[in-house]
Trainee: 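Below is the structure I would like to discuss, written out as structure tokens.
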Amino acid sequence: MSKKTVKKVILPENEIPKQWYNVLADMPNKPEPYFSSVTNKMATPDELEVIFPKELIQQEMSQERWIDIPDEVREMYKQWRPSPLYRAVGLEKLLDTPARIYYKYEGVNATGSHKLNSAIPQAYYNKMAGIKKLSTETGAGQWGSALSLACNYFGLECEVYMVKVSYEQKPYRRLFMQTFGANVIASPSNLTQSGRAILEKDPDSTGSLGIAISEAVEVAATNPDTNYALGSVLNHVCLHQTVIGLEAKKQLELLDEYPDIVIACCGGGSNFAGLSFPFVKDKLNGTNIRLIAVEPTACPSLTKGVFAYDYGDTAKVGPIAKMYTLGHDFVPAGIHAGGLRYHGASPIVSQLYHDGIIEAQAVPQRDVFDAAVKFAKTEGIIPAPESAHAIRAAINEAIKCKETGEAKVILFNLSGHGYFDMAAYDNYFSGKLIDVDYPEDLIKENIRSLPDIK
Ligand SMILES: *Cc1c(COP(=O)(O)O)cnc(C)c1O
């Protein structure tokens, strides 16, 4: 295969990775342990077992470099993995750049984003543990869609707390989940204590990811046959996503290519982790490579947050983690990249950022949609608004290459398609999108309510 003429690289089924890569094995500084929001002491595996199956807790703590992917999970992965790697020939031409731009496309499965890579193993391990039902939250709807499909496949019930504003704005996402048999509830709801407490204070609350997590965790913690599943942030979720980077590396090898720059958008951090961690391994071994996490200026956890212990959810029911955070009370402005609105970031991604192993950038949303449309017109795929953050950063780097004349190799993750997000495009085209900066003052205020853990 020649990089001169290639448009896409597709691997055969038997090239689906047999193991996930666990970056914890190679990190010079490991992330700090979780704390319990009940005892304010280090969280014990027993406490986590109230909401997660043993196998996933083991993965969460494991220092093993390679972790076997169960056959049943690989069988399911076959439906769309290995996912294609494309060269962005059209985009390169438009930008008139000497850079070679590649993207790994994770929108080729039934739910349209990378999230299914973790939904399937999470449903599988819960099924094996004898669990009957999974509860979860969803913001934009991608994670809820992925978990609904995975639960349906393994014969589990699925209860999804969907942030109310999305529930109302995105009926097709809701119907998607319902088609796979999920019970979808607008959050805050009156079904949980956490939800009722919010509604008492503010009956018109449109909800937030932090509130929806509180509701879903509460349901899991109070029902013995129910567990909780999270679509990002946690170590085991980042682990499952590494199939993305492992495949991409192989695909680039076939072209005799290796990236100078690896880029992915960052919400909770799992899709960034998925593409970049296999390259973090190389970087720690001395390879010269830049790894860039891209977030919205409206929710800039890495670039503007503090590195501290914080609650993962609004009602403080879940574990406390050391991470970059804007404070657990943070409710971001209504930007359209719903999947990038979490107040914190993965503890692993946070530690790597803190140690200067990875970089982070924040981009405003009108620039993001400008990049999304350029990409759609030249590559023929309408990207998810989240993924378009990575496209923006990739375009910026390619433009720099034009100025310096350097033929760098840029790899980014197209984490999903935007076919359920046309209303956001509509707002962009009609000039209704505005750029929001997160106010410094609000960060300072939020950060005062962080838990007191040293
Ligand atoms: C959820 C989502 C994201 C954000 O993912 P993280 O792994 O939490 O950073 C990015 N892109 C798409 C398409 C998503 O659905």
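Atoms within each ligand, like the ligands themselves, are counted from 1 in listed order. Just so you know, these numbers use all the heavy atoms, side chains as well, and skip hydrogens, waters and symmetry mates.
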Trainee: Only counting residues at least two apart or in another chain, list the ones meeting ring-ring contact (aromatic ring centres under 6.0 Å, His included) with Tyr311.
Mentor: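 Partners of Tyr311 under the ring-ring contact (aromatic ring centres under 6.0 Å, His included) test: His328.
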
Trainee: Under 6.0 Å from the CD atom of Glu64, do we count more than 12 heavy atoms belonging to anything else shown?
Mentor: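 At most 12 heavy atoms, drawn from other residues, nucleotides or ligands, come within 6.0 Å of this atom.
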
Trainee: Does NZ or CZ of Arg174 lie under 6.0 Å from the centre of the six-membered ring of Tyr167, at an angle within 45° of the ring axis?
Mentor: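 Ring-cation test returns yes.
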
Trainee: Only counting residues at least two apart or in another chain, list the ones meeting ring-ring contact (aromatic ring centres under 6.0 Å, His included) with Phe307.
Mentor: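 Partners of Phe307 under the ring-ring contact (aromatic ring centres under 6.0 Å, His included) test: Tyr324, His354.
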
Trainee: Just checking, is any N or O donor in the side chain of Glu137 or Tyr228 under 3.5 Å from an acceptor N or O on the other one?
Mentor: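 The criterion, which ignores hydrogens and geometry beyond distance, is satisfied for Tyr228 and Glu137.
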
Trainee: Write down, by chain and number, every protein residue that brings a non-hydrogen atom to less than 4.0 Å from an atom of ligand 1.
Mentor: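 The answer is Ser113, His114, Lys115, Gln142, Ser232, Cys265, Cys266, Gly267, Gly268, Gly269, Ser270, Asn271, Gly339, Leu340, Ala384, Glu386, Ser387, Ser415, Gly416, counting any residue whose heavy atom sits under 4.0 Å from ligand 1.
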
Trainee: Who pairs with Tyr34 by ring-ring contact (aromatic ring centres under 6.0 Å, His included), at least two apart in sequence or on another chain?
Mentor: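 With neighbours one apart ignored, the set is empty.
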
